[in-house]
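Beneath this line is the structure, given in structure tokens, with notes to follow.
Ligands are counted one by one from 1 in listed order, and the atoms in each one are counted from 1 as well. All figures in this text were calculated on a predicted structure; none of them were measured in a lab.
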Amino acid sequence: MSKEKSAADKLREELLVQNKHMAKVVSDDEINKAFEFSKGYMSFMKKAKTEREAVKEIEKMAYEKGFEPFVPDKKYKPGDKVIYNNRGKAVILAVIGKKSIKEGVRISAAHIDSPRIDLKPNPLYEDSELALFKTHYYGGIKKYQWTAIPLSLHGVVIKANGEKVEITIGEAEGEPKFVITDLLPHLGQAQSQKKLGEAIKGEDLNIVVGSLPLKDAEGGDAVKLNIMKILNEKYGITEVDFRRAELEIVPAFDPSDIGFDRSMIGAYGHDDRVCAYPALMAILDSKEPEHTIMTVLTDKEETGSDGNTGLNSAYLKYFIYDLAAMEGVPGYRVLSKSECLSADVNAGFDPTYPEVMERNNSAYLNRGVVLTKYTGSRGKGGTSDASAEFMGKVISLFERAGIPWQTGELGKVDEGGGGTVAKYVANLDIDVVDVGVPVLSMHSPYEIVSKLDLYAAYRAFYEFFKD
Ligand code: MN
Ligand code: MN
């Protein structure tokens with residue numbers, strides 16, 4: 001028997017924001033769909049740990065769905081599906097809309113690079129009969145989190161003859177892994193007195209890669225020589241080839257369900273593949289959209305979006321200009337009429353560390369996609385700050401489609417902050433707001449997200465494309 005709602009209860013519902021766990025709002029069917037969707041995501045995550053691997057996987061999935069490589073001078077018709085590969089590290093997928101390009105395009109933009117550890121150009125050295133790699137970390141990491149965990153090596157090496165060698169080692173069953181050492185607690189007393197951020201230095205992130213000397217070799221480099229011999233036999237490379245390589249060290253963990261109820265996923269690189277994957281699936285599943293729709297999956301966000309595969313470069317603009325030229329429309333006119341969901345993660349509220357968050361303006365796991373009006377730091381420095389009008393448009397879209405949504409801010413004022421690709425898109429004169437998934441332990445080797453939020457993100461991008 002349901003109790004009659006009091007006048008106050010009714011008024012509360014009418015006037016106040018209701019923060020609800022998604023499981024209390026959505027149907028059992030939707031929860032099942034979210035769990036099912038997560039399986040596809042986890043298998044993608046296992047195969048796509050670097051931006052290059054993500055691009056390969058995305059291309060494969062897109063070709064299966066009828067996408068074709070983009071040809072700039074070709075005339076495309078509504079419903080045509082194209083994919084543009086930017087140097088193997090970023091992609092744009094587009095489906096041509098029924099409306100003229102003059103009406104603008106709908107963009108979902110996520111990034112497929114994640115914080116990691118890169119090899120230096122002269123990485124290999126021997127010290128005390130151990131062979132090691134020198135590294136330079138990529139993006140924002142807490143260095144101590146990367147010691148004493150299994151690591152794998154991914155990337156490409158260009159040989160003197162121009163041949164590209166692709167390397168992935170430490171992922172498949174039975175393959176060796178790598179590790180960064182840490183001090184034992186018995187000898188770590190001085191280390192423990194240091195500040196957390198200083199206890200492990202950048203130059204301490206040395207990767208152990210071998211310990212056996214080449215038989216009969218004289219001199220102090222017999223272990224290094226033996227490693228180079230192994231690499232030469234396996235990949236045909238020599239030491240100088242490291243100087244024309246991009247080799248990345250990432251955690252060797254597999255994605256996994258988290259919790260007795262399996263409601264969460266632990267994985268390396270949720271930031272930002274937990275948005276890239278649903279933005280990808282949304283465009284793969286879209287049919288005959290009104291506007292031309294695009295999913296941009298970019299590189300270099302974690303180092304500030306600079307570089308020709310990052311969104312601070314002109315590649316997205318050039319792509320849109322090519323589509324505009326097809327209809328004889330000036331490119332800038334298309335940009336000015338376009339809208340974008342900048343698909344990036346936000347920090348989820350962590351009950352173990354409540355002191356850095358402001359409870360009323362934090363994102364919570366399982367409350368749906370996070371709308372982040374602005375990022376930046378210290379007085380909104382370095383953010384595009386979405387307009388009230390565009391917030392209104394996106395919120396009403398979510399409300400109409402029944403997509404659970406919440407708002408978020410990256411920590412307390414003046415305590416932290418960060419950025420996304422949103423401002424680079426906004427600077428093209430496009431309306432943009434950040435929409436993504438809340439993450440726990442962001443930028444750590446093993447981040448956590450909720451399956452329900454992941455699915456809400458898919459629905460959000462899908463509905464945005466349909467609009
Ligand atoms: Mn991100
Ligand atoms: Mn990040």
Charged tip of Arg106 within 45° of Phe465 ring normal and under 6.0 Å:
no
Closest N/O/S atom of Asp271 to the Mn ion (ligand 2), by atom name?
OD2
N/O/S atom of Glu302 inside 2.8 Å of the Mn ion (ligand 2), strictly under
yes
Identify whether the distance between the nearest side-chain nitrogen and carboxylate oxygen of Asp385 and Lys423 falls below 4.0 Å.
no
Pair Phe44 and Tyr41, ring centroids less than 6.0 Å apart
no
Is the distance from the ring center of Tyr125 to that of Phe133 below 6.0 Å?
no
Closest approach to the Mn ion (ligand 1) by Asp344, given as the N, O or S atom name
OD1
With respect to the Mn ion (ligand 1), please indicate if Cys275 possesses an N, O or S atom at a distance under 2.8 Å.
no
For Gln145 and His443, which I'm curious about, is there any donor-acceptor pair between the side chains at under 3.5 Å?
no
Examine all N, O or S atoms of His443, backbone included, and report whether one is under 2.8 Å from the Mn ion (ligand 2).
yes
